[in-house]
Amino acid sequence: MKKFFSFIMFTLSLCIAGIVLTNCNAAQEVDNSITVVKIPNGSSNSHYISNRAPLTPSALVKLPVGSIKPAGWLGEYLIRQKNGLTGNLGKISAWLQKDDNAWLSKDGKGKWGWEELPYWLKGYGNIGYILNDADMIAETKIWIEGTLASQRPDGDFGPDHRFEDGSRDYWANMVMLFCLQSYYEYSQDQRVLDLMTKYFKYQMTVPDDKMLTGYWQHMRGGDNLYSIYWLYNHTGDKFLLDVAEKIHRNTANWKQKGTLPNWHNVNIAQCFGEPATFYMQTKDPTDLQAAYNNFKRIRDEYGQVPGGMFGSDENCRKGYDDPRQCVETCGLVEQMLSDELLLCITGDTFWADHCEDVAFNSYPAAVTPDFKSLRYMTAPNHVVSDSKNHSPGIQNNGPFLMMNPFSSRCCQHNHSHGWPYYAEHLWLATPDNGLCAAMYCASTVNAKVANGQEVLITQTTNYPFEEIVNLKVSTSKNVNFPLYLRIPAWCKTPAIKINGKNFKVDSSNGSYIKISRIWTTGDKVELALPMKLNLRKWARNHDSVSVDYGPLTFSLKIGEKYIRFASDKTAIGDSKWQKGVDTIQWPSWEIHPATDWNYGLVLDSDNLEESFTINKKPFPANNFPFTPDAAPIEIIAKGAKIPEWTIDKFGLCAILQDSPVETSEPVEEIKLIPMGATRLRISAFPVIGNGPDANKWQMPKKPLYKTTASHCFDGDDVNAVCDQMLPSSSADESLVRMTFWPHKGTTEWIQYSFTEPKTISSTSIYFFDDLDSGGGCAIPASWSVKYKDSNGQWKAVETLDEFSINKNSFNTISFKNIKTTDLRVDLRLKDKYSSGILEWIVE
C-alpha cells in the first residue's frame with residue numbers, strides 16, 4: 001500500500017507541475033514525460049562522433065551515412081537522381097572521364113580534374129551509400145582509391161593546381177574532403193584519417209601569404225575549416241586546432257559589419273556561416289551571431305522574395321532585387337547544406353525551417369521531373385525558360401534559363417548533393433543519447449540510443465503535403481531514451497498522440513517536443529502539425545504578396561509547353577562531353593507559358609480565408625508530387641489580369657510595380673499550386689485594388705535613340721541612358737544604368753544616332769556615382785561633346801557656358817545650334833575609378 005501511495009503521489013506531482021503532459025488517469029502512460037525545449041541538452045553523445053573539448057558541445061549530431069533510409073517522395077527523388085543526370089554523369093561528362101584525370105594521377109597532373117569530380121562524387125557516392133547500390137559504390141570506390149593514392153610525400157593530395165605566383169589552389173580538395181568523410185562513415189577505412197592528418201600537417205607548413213590565395217578558395221575556406229574540426233573530433237590531435245586558426249585567418253572576413261566580403265550567390269549561400277563554424281573553437285558569441293547577421297543582411301537587401309533565397313543571378317547588384325532575379329542551382333544546394341550544418345552546430349530550429357523552405361519551394365523547380373536536365377538559374381517569378389540571352393535583365397550573358405544537362409559545368413556536377421545530404425539530416429542524434437526528428441519526411445532511421453541499444457523508427461508521412469507525421473518504434477527490448485520532434489515556426493498548435501492517446505502540448509513554435517519514456521516495440525507517435533493559410537507582404541518589393549500553407553509557398557499554375565533542343569547545340573563552351581556519347585539521349589528543353597501569367601491577386605483583407613479555397617487531392621501513386629498535374633494540394637484564388645505587365649525588352653517578366661494595382665480586367669478564378677511543382681511560376685503577386693490608392697501600371701518606354709558606347713558592362717544596358725526614367729540621385733540603383741565598368745582612368749565615349757537630322761542646342765547628363773555605398777564608379781574627371789557634320793566628320797560643339805561635373809543633378813551644357821545625325825559625349829574617367837550614366841537628354 002505504501003509503494004502504491006508513493007506511486008500515485010509521484011504521478012500527481014508530475015501532472016500538477018506540467019512536466020508530464022498526459023492523460024493522468026491512464027496509469028499505463030505514467031512513464032511519459034513530454035516537455036517543450038528550445039535546444040536538446042546534454043554533454044556528448046556516447047555513440048556518435050560529436051565535438052570534443054575544447055570545442056563547443058554539439059547541439060545535434062549527424063548520424064553515419066546509411067543510417068537513414070528515405071522513402072516517399074524523397075526516396076523517389078533519389079531514384080530519379082540515380083537514373084538521371086547524377087547517376088550518368090560519369091559516363092557522359094568529360095570532366096569525369098578516367099583517362100588523363102588528375103584525380104587518378106600520382107603527381108596531380110592531368111587534363112581533367114578540378115572541382116567537377118568531387119562536386120559530383122559528393123552526391124553520387126552518398127546516394128550509393130543510402131540506396132546500398134553496389135554499382136554506385138564500386139564506381140565511387142575507384143575515385144576514392146585514386147584520391148587516397150594521390151597523396152604526395154609532403155602530405156598534399158589531389159590535382160596540383162597552381163596560381164601564377166606559385167601558390168596552391170586548395171579549393172577542389174575542400175570538396176573532396178567531404179567525399180572522404182562520407183566514405184569513412186560508410187567504411188571506417190583508417191586511410192581516410194591518415195590522409196587527412198598528413199594533409200592538414202602539410203597545410204600547417206604553408207606560409208600565410210601562400211595559403212588560400214586567389215578568389216574561390218579565399219571565400220570558401222570555411223569548408224576547409226569544417227573538415228579540420230571533423231578530423232579533430234575523430235582523432236583528438238591538438239595541432240588541428242592550430243591549423244583551424246590558420247585557415248580562419250586566411251579566409252575572407254565573413255564577420256564584417258554592414259557588408260559582405262563578396263556578393264556572388266554561391267559564395268554567400270556556402271560561406272555566410274563560416275564564423276559560426278569557427279565559433280565552435282572560439283566560443284565567442286559574436287562569431288555565432290555573425291552567421292545570423294549575414295543571413296539577415298542578404299535577405300534584407302536582396303531576399304524580399306518567397307522560396308527562401310535571394311535575387312543575385314551570378315552576383316547581387318544594387319537595384320536588381322525583383323522576384324525575377326535568379327539564384328544558381330549551386331546556390332540552392334549549398335544553402336541547404338549550410339542550413340543543415342548550422343542546425344547541428346546551434347540546434348536552432350530556424351535552420352531546419354529554412355532548409356525546408358528552400359528544399360520544398362525552390363530547389364525542385366531547378367531540375368526537370370526526370371532529373372535529366374537542370375537550370376543554371378531559377379527565380380521565384382519565372383515565366384519563360386528559354387535559350388536566349390537575357391542580360392542585363394539577369395546578370396549572366398548566355399542561355400542560362402533553359403533546362404540543359406550541360407550548362408554550366410559547376411551546377412551540372414554540384415547539384416548532386418542536394419537531396420542526399422538533406423536525407424542524411426532528417427534524423428539527428430542528441431547529446432543526451434536520444435534521437436531528433438529534425439526535418440520531416442517518410443523514412444526509417446536505425447540508430448543507437450541510451451546505453452547503446454539499437455532502435456528502428458519508421459516515419460510515415462506525405463509531409464509537407466499533409467499535416468500528420470506517424471512514427472513507429474521497433475526495438476529488441478524496452479529502452480528509455482528521449483525522442484525530440486521539431487515544431488516548425490509556422491505551426492501554432494501542434495498535437496501529440498502516443499499509442500492512440502492524446503497529450504496536451506503547451507508549446508511555442510520554433511522549439512522541440514521532447515518525449516522521454518521507456519519505449520517498447522510497436523509504440524506509435526502521431527504528430528499533428530496543423531497548417532493554415534498565411535499571406536506574406538513583401539513591403540520592400542512593391543508590397544507584393546505570397547501565399548503560404550504550412551511550409552509550402554504557392555505559385556500561379558501556368559501551362560508549361562516543353563520544346564526539345566539538342567544539348568550539344570545549346571550548351572555553353574565550358575560544357576564538355578566524353579567522346580562517343582549519344583547526345584540525343586540527353587536533350588535540352590525550353591519551357592514556354594501556355595496560359596496567361598500576368599495576374600494580380602484579388603483579396604479580401606478583412607477576411608483572408610474567404611479569398612482562398614484549399615483543395616486536397618490524392619497523393620500521386622508514383623510518389624512524385626513536384627509537377628503541376630500531380631501536386632496534391634491546390635488553392636483556388638481570385639485574380640485579375642494586368643495587361644500592362646508583359647515580357648520586357650530583356651525577355652523576362654517586367655519588374656513589379658507598386659501595389660495595389662488598378663485594372664479594368666474582370667475577376668477570374670485562378671489556381672495556385674505548390675511553388676516547387678512549377679518550373680514556370682509567379683510566386684510574388686501584385687495585389688489588385690480599385691480605390692483611390694490604386695496605382696496604374698506603367699508600360700515601359702522604348703529607348704528614344706539608337707545608343708552605342710566604347711564599352712558597357714555586361715550587367716548594364718547602354719539603352720538605359722534614354723529610357724526616360726529619371727533618377728532620384730547619382731546613387732539611384734533602382735534604375736537600369738550604363739557604366740564603363742571595369743574600365744578605370746580611361747577615355748570613353750557614348751553616342752546617339754538619330755533616324756533623321758536633329759537640331760540641338762543643349763544636352764544634359766546625369767552621372768552615376770556609387771562611391772558612398774562602396775562601389776567603384778565616380779563622376780568623371782571631365783567630359784565634352786562632339787557632333788558629326790554634314791561631311792561625316794566629328795567636330796566639337798561651340799559651348800556657351802562651362803561644363804559642370806556634379807553629383808545628384810543633371811549637368812547641362814548649352815552650345816550654338818547644330819544639326820546632326822550623331823551626337824557623342826567623350827568622358828575622361830578619374831584615375832582608379834570607373835564611371836556611368838543614368839540618363840542623357842538632348843534638346
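Reckoned from all heavy atoms, side chains included, excluding hydrogens, waters and symmetry mates. This structure is a prediction, so every number in the text was calculated from the model and none was measured.
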Donor-acceptor contact present, side-chain Q181 to main-chain L177, <3.5 Å: yes

K210 to F163 six-membered ring, cation-pi geometry met (6.0 Å, 45°): no

Donor on one side chain, acceptor on other, Y376 and E314, under 3.5 Å: yes

Between CH2 on residue W95 and NE2 on residue H413, distance to nearest 0.5 Å: 8.5 Å

Heavy-atom donor-acceptor pair, N293 side chain to K257 backbone, under 3.5 Å: no

Any donor-acceptor N or O pair under 3.5 Å, side chains W427, S443: yes

Exam field: side chain N361 to backbone L552, donor-acceptor pair closer than 3.5 Å: no

salt_bridge(D313, R317) N-O dist < 4.0 Å: yes

Atom of V266, atom of R220 and distance for their closest heavy-atom approach: CG1-NH2, 3.6 Å

Non-hydrogen side-chain atoms of E424 and I130 separated by less than 4.5 Å: yes

Pair R162 + D169: basic N to acidic O under 4.0 Å: no

Contact check, side chains of P464 and Y440, non-hydrogen atoms, under 4.5 Å: no

Within the 6.0 Å centroid threshold, strictly below: Y170 and W216: no

Main-chain N/O of G510 paired with T349 side-chain donor or acceptor, under 3.5 Å: yes

Over-ring placement of K201 relative to F239, 6.0 Å and 45° cut-offs: yes

Between CG on residue L121 and OG1 on residue T86, distance to nearest 0.5 Å: 12.0 Å

Under 3.5 Å: donor-acceptor pair, side chain of W143, backbone of P118: no

Close side-chain approach of Q335 and Q270, heavy atoms under 4.5 Å: no

NZ/NE/NH1/NH2 to OD/OE distance under 4.0 Å, E301 and R540: no

I39 to G347 - nearest heavy-atom pair and separation: CG1-O, 4.1 Å

Shortest non-hydrogen contact between P70 and L78, atoms and distance: CG-CD1, 3.5 Å

Validation row: L426, L74 side chains within 4.5 angstrom (heavy atoms): yes

N250 side chain vs K246 backbone, donor-acceptor pair below 3.5 Å: yes

Between N433 and Y48, a side-chain donor and acceptor under 3.5 Å: no

Test item: Y229 and F278 side chains (from C-beta on) under 4.5 Å apart, heavy atoms: yes

Any side-chain donor near an acceptor of the partner, N315 and H264, under 3.5 Å: no

Check: D287/T282 side-chain N/O donor and acceptor closer than 3.5 Å: yes

Geometric class of the F157/Y199 ring pair [parallel <30°, tilted 30-60°, perpendicular >60°]: perpendicular

Audit row: T213, S167, side-chain hydrogen bond (donor to acceptor under 3.5 Å, both in side chains) steps and yes/no: CA-CA 7 Å; T213 55; S167 61; 2.6 Å; yes

Gap separating the CD atom of Q281 from the CG atom of L225, nearest 0.5 angstrom: 7.5 Å

Whether W230 and Y184 hold their rings parallel, tilted or perpendicular, with breakpoints at 30° and 60°: perpendicular

Side chain H425, main chain Y422, donor-acceptor under 3.5 Å: no

Heavy-atom side-chain contact between D770 and K318 under 4.5 Å: no

Side chain to side chain contact (heavy atoms under 4.5 Å, CB included) between L343 and L60, intermediate numbers included: CA-CA 7 Å; L343 173 63; L60 292 165; 3.9 Å; yes

Crowding at NZ, K255 (>12 non-hydrogen neighbours, <6.0 Å): yes

Sidechain N-carboxylate O distance under 4.0 Å for D353, R486: yes

R152 side chain to G158 backbone, donor-acceptor under 3.5 Å: yes

Euclidean distance, N396 CG relative to C326 SG, rounded to 0.5 Å: 8.0 Å

Heavy-atom side-chain contact between N51 and P57 under 4.5 Å: no

Ion pair check, E328 and R375, cut-off under 4.0 Å: no

Y186 atom OH: more than 12 heavy-atom contacts under 6.0 Å: no

Any side-chain donor near an acceptor of the partner, E334 and N414, under 3.5 Å: yes

Neighbour count above 12 (heavy atom, 6.0 Å) for E164 CD: no

Parallel, tilted or perpendicular: ring planes of W490 versus Y463, cut at 30 and 60 degrees: parallel

Audit row: Q217, N173, side-chain hydrogen bond (donor to acceptor under 3.5 Å, both in side chains) steps and yes/no: CA-CA 10 Å; Q217 62 174 347; N173 284 25; over 6 Å; no

Whether H415 side chain and C330 backbone form a donor-acceptor pair below 3.5 Å: no

Pairwise distance CG(D189) to CG(L180) - rounded to 0.5 angstrom: 9.5 Å

Inter-residue atom distance Y292.OH - F350.CZ, 0.5 Å rounding: 7.5 Å

Pair H161-W114, side chain to side chain contact (heavy atoms under 4.5 Å, CB included): steps then yes or no: CA-CA 8 Å; H161 285 284; W114 190 47; 3.5 Å; yes

Beyond-backbone contact of S44 with P431, side-chain heavy atoms, under 4.5 angstrom: no

Ionic contact status for R249 with E245, cut-off 4.0 Å: no

Ring pair (Phe, Tyr, Trp, His ring centres under 6.0 Å) pairs, two or more places apart, involving residues 297-317: W263-Y302

Between E115 and W171: side-chain donor-acceptor atoms closer than 3.5 Å: yes

Charged tip of K744 within 45° of Y833 ring normal and under 6.0 Å: no

Chi angles and distances behind the side chain to side chain contact (heavy atoms under 4.5 Å, CB included) call for L288, T346: CA-CA 9 Å; L288 180 60; T346 67; 3.6 Å; yes

Considering all heavy atoms, the nearest D284-Y279 contact: O-CD1, 3.2 Å

Smallest separation among heavy atoms of M174 and L212, with atom names: CE-CD2, 3.6 Å

Donor-acceptor contact below 3.5 Å, side chain T430 vs main chain G434: yes

Closest contact, heavy atoms only, S546 versus W538: OG-NE1, 3.0 Å

